[in-house]
Asks: 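Got a structure for you, questions after.
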There are 2 protein chains.
Amino acid sequence: MKKAEITRLTILEQAFDLIYTKGYQTTSIDDILAKTKVTKGAFYYHFKNKDEMGIAIIQELIKPNFEHYFIKPLLQEKDPSTILYQMMHDALLKNEFLKVEYGCPASNLTTEMAPWNTNFTKVLNELALKWKMCLEICLQKGIEQNLIRKDIDTEQVAIFIMSGYWGIRNLGKLVNSTKVYKDYLKQFEAYLNLLK
Amino acid sequence: MKKAEITRLTILEQAFDLIYTKGYQTTSIDDILAKTKVTKGAFYYHFKNKDEMGIAIIQELIKPNFEHYFIKPLLQEKDPSTILYQMMHDALLKNEFLKVEYGCPASNLTTEMAPWNTNFTKVLNELALKWKMCLEICLQKGIEQNLIRKDIDTEQVAIFIMSGYWGIRNLGKLVNSTKVYKDYLKQFEAYLNLLK
DNA sequence: TAAAAAAAATACCAATTGGTATGTAATATG
DNA sequence: CATATTACATACCAATTGGTATTTTTTTTA
């Protein structure tokens, strides 16, 4: 790996940490420079401006993690309710990338940026849409294999699952404890049984 | 109503609008002054600083609305599943205070402020806790009246309901359409039937 | 190894931020 | 009606913000 690439990646990773813990707007470029020990010249050599860096963080750090924990599991050849429970369980309790006290990075950014920054929202929307689509595909396959009831509306179910995830992340952040995750998972399991 | 009180309330209401639509940090005091046509002297006569105003908005504007839509319905003498569905339905579709494209003000503030402002988080946490408690009380009464299964864990259910609400607010904000609210409500109804 | 291009360092800047100091008008009170 | 207090107005400020211009160092390439 080239030295320049390392610099760039360092900026992205450390900036992600700051933004994830403090929020995008409260993280100043000077904060990032102080943490990375990179100079302003180097920073602006790699990124046109702060927002471009923010988008790069989503694309190059958040997205891969998202693919791993939220998309890949859905493509397995197992029965959907097992898959969905496993996905939720691992996303909440096995993902060391995410910390309960800081919530979900993508959800945080959505809330913070949606009202005034369309670039961020566009990228985040793509992630959400992909997740929804894959959830639906997973459910549809289940229907075809008689593992899921035929009369469910896959879009409705996908939306219900997504909102549950985002919400519990937010609640976890508020109370700062994984206890709520575990409570949530129990009810999620009960809900999934409805689909069979 | 005294003139000074009107000034104060104007600031709170207009500032709420700005913060709800743009976020707390992106709303500057000068923004608020421009919108309200109040001078800086007047502003700082009524509020010690920006954060004190923020807290006042939660206590004096958000909280009453919250009590009306999220607490009061729960105290009715009806069967819980009807109450809960009605509460969710009205909160999402009947509350003109809240707009789909801007999400839930309390949830927005939680996400934005939690990592770095303990004052805000404390007040918001109180709201969340009260909601949870009242949800549990509502369910407990249902159990005693044989309207709700005895074997449910009221805390778990309360947590599941809360996260669903927050999540769907976030999703609504992302896609900017009440369609997801309606989809969500359908599945919420199905989930509530599980409790009977 | 010299020139060119890439990468990084340094110094600077205008705009905005939340907040203060001080002055003045309006209102209440005795 | 005099005085005190409340309510608001104006002008100012230090700190921070994202960003730029310029120079220097490092690396690549011919």
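Keep in mind that this is a model prediction, so the values were computed, not measured. Chain A is the first sequence line, chain B the second, and so forth, proteins listed ahead of strands; every chain is numbered from 1.
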Asks: Can you tell me how far P of C:dG19 sits from NZ of B:K50, to the nearest Å?
Replies: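 Whole-Å distance recorded here is 8 Å.
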Asks: Tell me: CG of A:N117 to P of D:dG18, nearest whole Å?
Replies: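 Atom-to-atom, A:N117 to D:dG18, this comes out as 14 Å.
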Asks: Looking at B:T7, I'd like to know whether one of its side-chain N or O atoms comes within less than 4.0 Å of OP1 or OP2 on D:dC8.
Replies: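 Checking B:T7 against D:dC8: at least one side-chain N or O falls below 4.0 Å of OP1 or OP2.
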Asks: Rounding to a whole Å, what distance do you find between A:N49:CG and D:dT17:P?
Replies: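 In whole Å, D:dT17 P lies 17 Å from A:N49 CG.
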Asks: Please give me the minimum heavy-atom distance between A:W131 and A:I71, naming the atom from each residue.
Replies: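 Heavy-atom minimum between the residues: CA-CD1, 3.8 Å.
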Asks: Which residues pass the side chain to side chain donor-acceptor pair (under 3.5 Å) test with A:E77, sequence neighbours left out?
Replies: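 Counting only residues at least two positions away or on another chain, A:E77 forms a side chain to side chain donor-acceptor pair (under 3.5 Å) with A:K141.
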Asks: Think A:S28 has a side-chain N or O under 4.0 angstrom from the OP1 or OP2 of D:dT17?
Replies: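 Result: yes.
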Asks: Is the centre of the A:Y20 ring less than 6.0 Å from the centre of the A:F97 ring?
Replies: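 For A:Y20 and A:F97, the ring centres are not under 6.0 Å apart.
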Asks: Once you round it to whole Å, what is the distance between C1' of D:dA9 and OH of B:Y45?
Replies: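 The distance from OH of B:Y45 to C1' of D:dA9 comes to 14 Å, rounded to the nearest Å.
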Asks: Report yes or no: is the cationic atom of A:K130 (NZ for Lys, CZ for Arg) closer than 6.0 Å to the six-membered ring centre of A:F70, at no more than 45° off its axis?
Replies: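 Checked: cation-pi criterion not met.
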Asks: Expressed as a whole number of angstroms, how long is the span from B:R8:CZ to D:dC8:C1'?
Replies: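 Rounded to whole Å, this separation is 16 Å.
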Asks: What residues in residues 10-22 of chain B put a non-hydrogen atom under 4.0 Å from any atom of DNA chain D?
Replies: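 The stretch gives none, as no residue of it lies under 4.0 Å from the strand.
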Asks: Under 4.0 Å: is that the gap between some side-chain N or O of B:H46 and OP1 or OP2 of D:dC8?
Replies: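 B:H46 to D:dC8 OP1/OP2: side-chain N or O found under 4.0 Å.
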Asks: Start at the 5' end of DNA chain D and walk down; is the nucleotide closest to A:F43 or to B:E5 reached first?
Replies: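 Its nearest nucleotide being more 5', the pick is B:E5.
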Asks: Calculate the interatomic distance between B:I6 atom CD1 and C:dA26 atom P; express it in whole Å.
Replies: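 Spelled out: CD1 on B:I6 to P on C:dA26 is 16 Å.
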Asks: Given 3.5 Å as the limit, does a donor-acceptor pair link the side chain of B:E112 with the main chain of B:Q25, or not?
Replies: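 Checking the backbone N and O of B:Q25 against the side chain of B:E112, a donor-acceptor pair under 3.5 Å is found.
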Asks: Can we say B:D31 and B:K35 salt-bridge, meaning some charged N sits less than 4.0 Å from an Asp/Glu carboxylate O?
Replies: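 Answer for the salt bridge query: no.
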Asks: Between C:dT16 atom C1' and B:Q25 atom CD, what is the distance in whole Å?
Replies: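 Going from B:Q25 (CD) to C:dT16 (C1'), I get 15 Å.
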Asks: Side chain of A:N125, backbone of B:L174: donor and acceptor closer than 3.5 Å?
Replies: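 Confirmed, A:N125 side chain pairs with B:L174 backbone.
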Asks: Take nucleotides 20-30 of chain D nucleotide by nucleotide from the 5' end and write B, S or -, depending on whether a protein heavy atom sits under 4.0 Å from the base, only from the sugar-phosphate, or from neither.
Replies: B------S---
Asks: Under the 3.5 angstrom rule, does the side chain of B:Y24 hit a backbone N or O of B:D51 as a donor-acceptor pair?
Replies: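 Such a contact is found between B:Y24 side chain and B:D51 backbone.
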Asks: Go through C:dT17, D:dG19, C:dA8 for me and flag the one nearest to the A:T39 side chain.
Replies: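 Nucleotide nearest to A:T39's side chain: C:dA8.
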Asks: Rounded off to whole Å, could you give me the CG-to-P distance for the B:D30 and C:dT17 pair?
Replies: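 About 6 Å, once rounded to whole Å.
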Asks: Using modelled atom types only, decide if a donor and an acceptor are shared between the side chain of A:K99 and the backbone of A:E96 within a distance under 3.5 Å.
Replies: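 Judged by distance alone, yes, a pair lies under 3.5 Å.
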